[in-house]
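Below you'll find the structure, written out as structure tokens, and then a few comments.
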There are 2 protein chains.
Amino acid sequence: MSDLLERLRGRGWRMTAQRRVVAEVLDGDHVHLTADEVHTRAVAKLPEISRATVYNTLGELVSLGEVLEVATDKRAKRYDPNAHRPHHHLVCARCGAIRDVHPSGNPLADLPDSERFGFTVSDVEVTYRGVCPDCAAA
Amino acid sequence: MSDLLERLRGRGWRMTAQRRVVAEVLDGDHVHLTADEVHTRAVAKLPEISRATVYNTLGELVSLGEVLEVATDKRAKRYDPNAHRPHHHLVCARCGAIRDVHPSGNPLADLPDSERFGFTVSDVEVTYRGVCPDCAAA
DNA sequence: TACTCGACTTGGACTCGATCCAAGTGCTGG
DNA sequence: CCAGCACTTGGATCGAGTCCAAGTCGAGTA
């Protein structure tokens, strides 16, 4: 996904070591990391990187649409690098782990006009909640 | 909704002034209040009530299934007294207003086993996002 | 290559929502 | 009416996230 780095450069980003590292961490594997986990992994590659920079960079990536913010509960926000393929989330109520899922059907179409109250509805998020195998075993 | 008070008594709750007040606030109108708003309104009825008690009581109501917690974004959790009729939420991306909606279809059924990854899926939340008429006009 | 400047980074202080805890209060069953 | 213990209190604490002034350094220019 150095396409990501390419796209960022294309958008006029100054390419700093910190930004490269954050982008690499997100690219690394498609898990849904918290900002803090991103910071921990980033520190492994670039020890001096600060939390503030990680937050800044994540925020920029989100507003560029390269990464999605997922706030499934009141714990830490998680960041989803899989922004370019629409999908929904399956969340473990105990440990907070998140998996991407692709339900059949189109929930947007399931909201009749009479239930839209004049809103311009543009998006729908579906969050399935349950208990993951690991937590169920424990 | 003194049925609520009845139900609580039936579940072995000690009926204190504080709990009655919190239940009354939630009953008052079916808006989605934050814990802080609940506290503010509770203080109007019972000036000595503490924030901790409001949090405790809301937490108890949630775990009894009398009230739903709604975390649509990273701001404060909101509490939804409409727990006995299943419904979903339509959120204004600009002002944060929330409306209850009742889509057709059953999104739980739309998640095939192959997409459940061993999770015991117990619940689904659907959040429609858009712009409300007021914000669209402004 | 060297210079320059403003975008970027830093880290520590701060905010805000929420939780914890030890001490005090007051329901409720007997 | 009493006593025991569930409940409340408020202040401390926590954890995620934001802010800010000061310092740093990427990259366009010469």
Side-chain angles (χ1 to χ4, degrees), chain A residues 5-6 8-25 32-43 45-64 67-80 91 94-96 98, chain B residues 5-6 8-25 32-43 45-64 66-80 96 98:
Chain A
L5 291 175
E6 283 315 308
L8 297 180
R9 192 187 306 271
R11 304 216 201 202
W13 265 32
R14 204 174 264 193
M15 193 43 57
T16 67
Q18 292 82 349
R19 285 172 169 179
R20 190 166 16 246
V21 163
V22 170
E24 280 171 14
V25 167
H32 301 73
L33 300 172
T34 63
D36 210 62
E37 289 164 348
V38 172
H39 179 235
T40 301
R41 299 192 184 201
V43 163
K45 299 172 182 250
L46 184 68
E48 330 82 71
I49 195 171
S50 76
R51 285 187 344 113
T53 297
V54 171
Y55 276 106
N56 287 342
T57 307
L58 288 173
E60 288 156 359
L61 287 169
V62 168
S63 62
L64 290 179
V67 159
L68 291 177
E69 243 175 31
V70 186
T72 54
D73 54 27
K74 266 304 103 184
R75 311 183 226 189
K77 278 186 245 179
R78 290 174 178 274
Y79 292 87
D80 184 345
V91 179
R94 302 224 183 119
C95 69
I98 301 182
Chain B
L5 292 175
E6 284 313 310
L8 298 180
R9 193 187 306 272
R11 304 216 202 201
W13 265 34
R14 208 174 261 194
M15 192 43 56
T16 68
Q18 291 82 349
R19 285 172 170 181
R20 191 168 12 249
V21 162
V22 170
E24 280 172 15
V25 166
H32 301 73
L33 300 171
T34 63
D36 210 63
E37 289 164 349
V38 172
H39 179 235
T40 302
R41 298 192 184 200
V43 164
K45 298 173 181 249
L46 183 69
E48 329 83 71
I49 194 170
S50 75
R51 279 184 352 111
T53 297
V54 170
Y55 276 107
N56 288 341
T57 308
L58 288 172
E60 288 156 1
L61 287 168
V62 168
S63 61
L64 290 178
E66 295 290 345
V67 159
L68 291 178
E69 248 176 26
V70 186
T72 52
D73 54 25
K74 51 280 167 147
R75 310 183 229 190
K77 277 187 243 181
R78 292 175 177 273
Y79 291 88
D80 182 344
I98 301 183

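Here is the naming used below: chain letters follow the sequence lines, and residue numbers restart at 1 for every chain.
The bend of the helix from dT1(C)-dA30(D) to dG30(C)-dC1(D), defined by the angle between the axes of its first five and last five pairs, stands at 30° to the nearest 10°.
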*In B/S/- notation, 5' to 3', how is nucleotides 16-27 of chain C contacted by protein heavy atoms closer than 4.0 Å?*
-SBBB-----BB
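Here the straight-line distance linking atom OG1 of Thr40(B) with atom CD1 of Ile49(B) works out to 11.0 Å at 0.5 Å rounding. Distance check: Arg9(A) CZ to Arg19(A) CZ gives 12.0 Å after rounding to the nearest 0.5 Å. We find the NZ-OH distance between Lys77(B) and Tyr55(B) to be 8.0 Å, quoted to the nearest 0.5 Å.
Looking at His32(B) and Tyr79(B), their side chains never come closer than 4.5 Å, going by heavy atoms from C-beta outward. In this structure, Gln18(B) and Thr57(B) have side chains that are not in contact, with every pair of non-hydrogen atoms separated by 4.5 Å or more. Looking at heavy atoms from C-beta onward, Ile98(A) lies out of side-chain contact with Asp80(A) at the 4.5 angstrom threshold.
Straight-line distance from the CD atom of Glu69(A) to the C1' atom of dG17(D): 11 Å, rounded to whole Å. Rounded to whole Å, atom C1' of dT24(D) lies 14 Å from atom CD1 of Ile49(A). Between Leu46(B) atom CG and dT9(D) atom C1' there is a gap of 12 Å when expressed in whole angstrom units. dC25(D) atom C1' lies 9 Å from atom CD of Gln18(A), rounded to whole Å. Separating the CZ atom of Arg19(B) from the C1' atom of dT9(D) is a distance of 14 Å, rounded to the nearest angstrom. Put simply, NE2 on His39(B) is 13 Å from P on dT8(D), counting in whole angstrom units. With rounding to whole Å, Arg9(A) atom CZ is found 13 Å from dG26(D) atom P. If you take CZ of Arg11(A) and C1' of dA27(D), they are 21 Å apart, rounded to a whole angstrom.
In this structure, the side chain of Arg41(A) does not engage the main chain of Val25(A) through any donor-acceptor pair within 3.5 Å.
For Thr53(B) and dT9(D), the shortest distance from a side-chain N or O to OP1 or OP2 is below 4.0 Å.
Ion pair Glu66(B)/Arg11(B) flagged as a salt bridge, since at least one NZ, NE, NH1 or NH2 atom sits closer than 4.0 Å to an Asp/Glu carboxylate oxygen.
Listed by chain and number, the residues in a salt bridge (Lys or Arg N to Asp or Glu O under 4.0 Å) with Arg51(B) amount to none (sequence neighbours excluded).
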